[in-house]
Amino acid sequence: MTDEHTRQESEENQDLDAGGDLREQRLRKLEDLQARGVEVFSDPPDKTFTSAQQAYESFTEAETGEETEEEDKPRFTLAGRLTAKRDMGKSVFADLRDQSGRIQLYAKKNILGEDAFEIFNLLDIGDIVAVEGPLFKTRKGEITVRLEWIRLLTKSLRTLPEKWHGLTDVEQRHRHRYLDLISNSSVREIFRKRTEVVREIRAFLDDKDFMEVETPMLQPLPGGAAAEPFETYYAALRSPMFLRIAPELYLKRLLTGGFERVYELNRNFRNEGLSRHHNPEFTMLEVYQAYGDCRSVMDLTEELITTVAQNVLGTLCISTEENTVDLSRPWERVRYHDLIRRHLGEDWFDLTDQQRRERAQTWEITTSPEMTEVEITQEVYEKTIEPNLINPVFITELPAPLVPLAKKCRNNPETVDVFELVFNGQEIAPGYSELNDPLEQRQRLLEQLGVETVEQAEEGQIDEDFLTALEYGMPPAGGMGIGVDRLVMTLLGVDSIREVILFPHLRQKSG
RNA sequence: GCACCCGUAGCUCAGUCGGUAGAGCAGCUGACUCUUAAUCAGCGGGCCGAAGGUUCGAAUCCUUCCGGGUGCACCA
């Protein structure tokens, strides 16, 4: 390639560059670089890379300062994305960012060499490069790589979001999460922390001899929760299939099988609307402990969450937008009945139906005539009590109708032996003394379907194999579930589930 | 599903009473060998989310649709 040729090509580019399409501009720049013999999507150099952070940490005045001869200074190879350029003519400052952070580059024409300097000048913000050189400290005191060698690794064809304001449009941030991650360090931090939370949950349970298992996500019968499933079709078997709404019924089979401590930490799918608190696929932790019950699982949950919080956040005090949550142990445990009387009046359960509705009215709760006492109480609880439960509290012995599939309390068949863990005004985790009586379980499943006999149930609505597993004998067990996305939201003080899911679901854009 | 709010350059945002589009960053050209939101001079960039309507005239007013946000409902 002759100089004349490249000069002519550059002049052509100048004319075309007058257009407004920045991608077109970059495509032409790419061709220009290729015409100069520069590989625009090249292989990484066979060198040992140093991260930006390592480079900072390895800088010492003695080795790289003024006193040391230039050729004696150690050379570093780094790779990353150019995020800024400050052009001074015969020298250029630039910012390089890798996973560990940012470091400044200094390209000087008479050090880098004329050809390489010219190539460097052609690079765009967003390009990915490998660079090499010694470290020095600028007059303003910033540790900087003095470039002696560069290689373009990846040409970027798109303009990055603005350096100062970044990407703020929520829709764009979620549709193009990679741009969000490039632009917003707080977002990078949230997802690093999320990964740490998940890692700590596993470490905690593994340490307690719980066994992580994987059960079907593709199920012929979706069970274990009351929710609308996603439906799909298995061509080879010519049968409809469902994405699981919960792993519960399979995990319980494993208890029958003799695995005494199991957990699964993975995705569930529910065919529901999107909201600040709902994504159709969400990450669920379910834990089952044989020979345990509601209380043993309560202890486990308390220890799990405090351990995770302490290890990830380094504190048990969480600041959210409006609250400060203190996770210090021990956590309060209160019977549902007592909690209700504490907040709604000691006489709440002695009131007549009419009086109860009138009092609900004072909380601006509207009741419909067909609502039962339990439903009215629960409505008032959800609207007026739960949002104000900031520090963790286990609510125990819930009314049986609210939790149809749990074991009844020995001392009071009107209530079930379960807990709801609430903090930051949100339900975080339910736990149960699991029902292991196959006869009662069958009865409850039928009731849930609103029928009296198996014959009345539509074919395939009852998971007979699950009931069979119970008939072989499932040990008494405690079980617990945590919505991991919501736990992460709470721990990180974020108020939308989409902020803790890398690729939240959004509507397809048509046209 | 219902209600309210939002959609203007690659990004962040102005745009008054309806008179036909502006800035900063990014980009391009030039100057500058320690800058750091570099600076200075100049230049280009728009189907104003889409389609209808009202009007002499619409980014602006009306209707429908698309997408997003928030609240409610559904839902753990």
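Letters A, B, ... mirror the listed sequences (proteins, then strands); counts begin at 1.
- In the model, A:Thr283 has a side-chain atom that pairs as donor or acceptor with a side-chain atom of A:Arg194 under 3.5 Å.
- Atoms CG (A:Leu82) and C1' (B:G27) sit 16 Å apart, rounded to a whole Å.
- Spacing between atom CG of A:Leu160 and atom C1' of B:A37 amounts to 15 Å, rounded to whole angstrom units.
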Do any N or O atoms of the protein come closer than 3.5 Å to N or O atoms of nucleotides 12-15 of chain B, and which pairs are they?
residue : atom : partner  : partner atom : Å
B:U12   : OP1  : A:Thr168 : N            : 3.1
B:U12   : OP1  : A:Thr168 : OG1          : 3.4
B:U12   : OP1  : A:Asp169 : N            : 3.1
B:U12   : O3'  : A:Thr168 : OG1          : 3.3

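- Atom-to-atom, CG of A:Leu22 to P of B:C28 comes out at 9 Å; the value is rounded to the nearest Å.
- The nearest whole Å value for the distance from the CG atom in A:Leu123 to the C1' atom in B:A26 is 16 Å.
- A salt bridge links A:Asp95 to A:Arg86: at least one charged side-chain nitrogen sits closer than 4.0 Å to a carboxylate oxygen.
- For A:Lys90, taking side-chain heavy atoms from C-beta onward, the closest of the listed nucleotides B:C34, B:U70, B:U33 is B:U33.
- Defined by atom type and a distance below 3.5 Å, a donor-acceptor pair is missing between the side-chain atoms of A:Glu189 and A:Ser185.
- Taking for each of A:Lys383 and A:Ala227 the nucleotide of RNA chain B with the nearest heavy atom, the 5'-most of the two is the partner of A:Lys383.
- Of the candidates B:U70, B:U33, B:U35, B:U35 carries the atom nearest the A:Thr138 side chain, counting heavy atoms from C-beta on.
- We find that A:Arg244 and A:Glu264 are joined by a salt bridge, their nearest charged nitrogen and carboxylate oxygen being less than 4.0 Å apart.
- Across all strands shown, A:Arg486 has no heavy atoms under 4.0 Å from either base or sugar-phosphate atoms.
- Note on ring orientation: taking the six-membered ring where Trp is involved, the planes of A:Phe136 and A:Tyr106 are tilted (angle from 30° to 60°).
- Regarding contacts with the backbone of B:A26, a side-chain N or O of A:Lys163 is found under 4.0 angstrom from either OP1 or OP2.
- Between the CG atom of A:Leu105 and the P atom of B:U36 there is a distance of 16 Å, given to the nearest Å.
- One can find a donor-acceptor pair under 3.5 Å joining the base of B:U35 and the side-chain atoms of A:Gln104.
- Salt bridge status for A:Arg36 with A:Asp32: present, with a side-chain N to carboxylate O gap under 4.0 Å.
- A:Arg498 comes within 4.0 angstrom of sugar-phosphate atoms only, judged by non-hydrogen atoms across all strands, and of no base.
- Qualifying ring pair (Phe, Tyr, Trp, His ring centres under 6.0 Å) partners for A:His505, counting only residues two or more places apart in sequence or in other chains: none.
- At the phosphate of B:U35, neither OP1 nor OP2 sits under 4.0 Å from any side-chain N or O atom of A:Arg86.
- Taking syn as a glycosidic angle within 90° of 0, B:C17 qualifies as syn.
- Here B:G71 presents its P atom at 12 Å from NE2 of A:His278, a figure rounded to the nearest Å.
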Report the secondary structure of RNA chain B in dot-bracket form, marking unpaired bases with a dot and bases paired to a different strand with |, and treating Watson-Crick or G-U pairs with both distances under 3.5 Å as paired.
(((((((..((((.....[..)))).(((((.......))))).....(((((..]....))))))))))))....
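- In this structure, A:Glu499 pairs ionically with A:Arg173, as a charged nitrogen and a carboxylate oxygen lie closer than 4.0 Å.
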Could you walk me through whether A:Ser433 and A:Asp293 pass side chain to side chain donor-acceptor pair (under 3.5 Å), step by step?
CA-CA 5 Å; A:Ser433 291; A:Asp293 61 11; 4.9 Å; no
